Amino acid sequence: MKTVLKLEEAALFVLGIFLFNRLNYEWWWFLALLLAPDLSMIGYAFGNKAGAFLYNSFHHKGIALLIYAAGCYLSIEPLQLAGIILFSHSAMDRIFGYGLKYEKGFKYTHLGEIGK
């Protein structure tokens with residue numbers, strides 16, 4: 001991935017940290033939940049198509065922002081937390097070159113093939 005894209009994702013990760021800081025949670029919640037969206041990889045136990053769908057659902061920034069916005073609108077802080085964690089995790093993954101998955105297999109992403 002290009003350096004500029006990595007810097008952009010790093011800035012989005014910092015935004016996630018900023019938004020988390022505005023919530024009434026201890027910092028250990030952020031650290032403990034940051035890798036939780038990777039549990040969506042369990043979908044690959046049911047094949048590449050199901051795996052890609054489930055993984056992408058938990059790593060899509062648009063979905064994360066909708067969840068966060070719903071939490072803000074409804075004043076439900078756990079929903080805001082879920083949106084921030086999904087958003088921050090997705091940004092962190094993209095810093096390391098992990099993108100949204102194609103149905104071809106786990107290593108095929110919109111950012112290129114993992115491991116190349």
Side-chain angles (χ1 to χ4, degrees):
M1 186 186 328
K2 304 274 184 214
T3 303
V4 173
L5 294 176
K6 287 184 180 186
L7 289 173
E8 180 182 30
E9 294 300 336
L12 293 174
F13 184 74
V14 170
L15 173 63
I17 292 171
F18 171 78
L19 293 173
F20 176 82
N21 192 42
R22 299 178 54 85
L23 300 178
N24 294 314
Y25 286 95
E26 298 292 328
W27 273 102
W28 66 267
W29 280 103
F30 185 82
L31 298 174
L33 294 173
L34 189 58
L35 295 178
D38 279 339
L39 293 173
S40 63
M41 286 188 284
I42 195 76
Y44 281 97
F46 303 99
N48 287 338
K49 188 174 183 175
F53 176 79
L54 191 60
Y55 183 92
N56 291 343
S57 297
F58 279 79
H59 289 78
H60 194 286
K61 288 184 191 167
I63 293 171
L65 291 174
L66 284 174
I67 292 170
Y68 176 72
C72 289
Y73 181 76
L74 300 171
S75 297
I76 302 174
E77 209 167 64
L79 201 54
Q80 293 173 32
L81 174 64
I84 289 169
I85 293 298
L86 291 171
F87 183 82
S88 299
H89 177 85
S90 297
M92 181 185 70
D93 268 7
R94 290 183 180 117
I95 290 169
F96 296 115
Y98 294 95
L100 298 173
K101 307 299 182 211
Y102 292 124
E103 293 178 357
K104 218 162 109 173
F106 183 80
K107 68 180 188 172
Y108 301 101
T109 76
H110 81 286
L111 299 174
E113 190 175 330
I114 297 172
K116 281 203 164 196

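As the structure is a prediction and not an experimental result, all values here were calculated from the model.
Connectivity analysis of hydrophobic side chains (ILVMFWY, heavy atoms under 4.5 Å, direct or indirect) links Tyr73 to Ile42, Leu54, Phe58, Ile63, Ile67, Leu74, Ile76, Leu79, Leu86.
Note on Tyr98 and Tyr102: separate hydrophobic clusters, where clusters join Ile, Leu, Val, Met, Phe, Trp and Tyr whose side-chain heavy atoms are under 4.5 Å apart, directly or indirectly. If you chain together hydrophobic residues whose side chains sit under 4.5 Å apart, Phe96 and Leu35 fall into the same group. Leu12 and Ile84 fall within a single hydrophobic cluster, where Ile, Leu, Val, Met, Phe, Trp and Tyr are joined by side-chain heavy atoms under 4.5 Å apart, directly or via other members. Residues Ile95 and Phe30 fall within the same hydrophobic cluster, defined by Ile, Leu, Val, Met, Phe, Trp and Tyr side chains chained together at heavy-atom separations under 4.5 Å. Grouping the Ile, Leu, Val, Met, Phe, Trp and Tyr side chains by contacts below 4.5 angstrom, directly or via other members, places Leu65 with Ile85.
Classified by interplanar angle (parallel below 30°, tilted 30° to 60°, perpendicular above 60°), the ring pair Phe106/Tyr55 is perpendicular.
Side-chain N or O atoms of His110 include none that pairs as donor or acceptor with a backbone N or O of Gly99 at under 3.5 Å. A donor-acceptor contact shorter than 3.5 Å links the side chain of Asn56 to the backbone of Lys101.
Between Arg94 and Leu5 the shortest side-chain heavy-atom distance does not fall below 4.5 Å. Using a 4.5 Å heavy-atom threshold, the side chains of Leu34 and Phe13 count as touching.
The OG atom of Ser57 lies 10.0 Å from the CG atom of Leu100; values are rounded to the nearest 0.5 Å. The CD atom of Glu9 sits 10.5 Å away from atom CG of Leu7, with the distance rounded to the nearest 0.5 Å.
The shortest non-hydrogen separation linking Ser40 to His59 is OG-CE1, 3.5 Å. Nearest approach of Phe87 to Ala64, heavy atoms of both residues: N-CB, 3.5 Å. Of all the heavy atoms in Glu103 and Asn48, the pair that sits closest is O-CB, 3.0 Å.
By the ring pair (Phe, Tyr, Trp, His ring centres under 6.0 Å) test, Tyr68 pairs with no residue at all, sequence neighbours left out.
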Show me the donor-acceptor pairs within less than 3.5 Å that the side chains of residues 14-28 make with the rest of the protein, sequence neighbours left out.
none

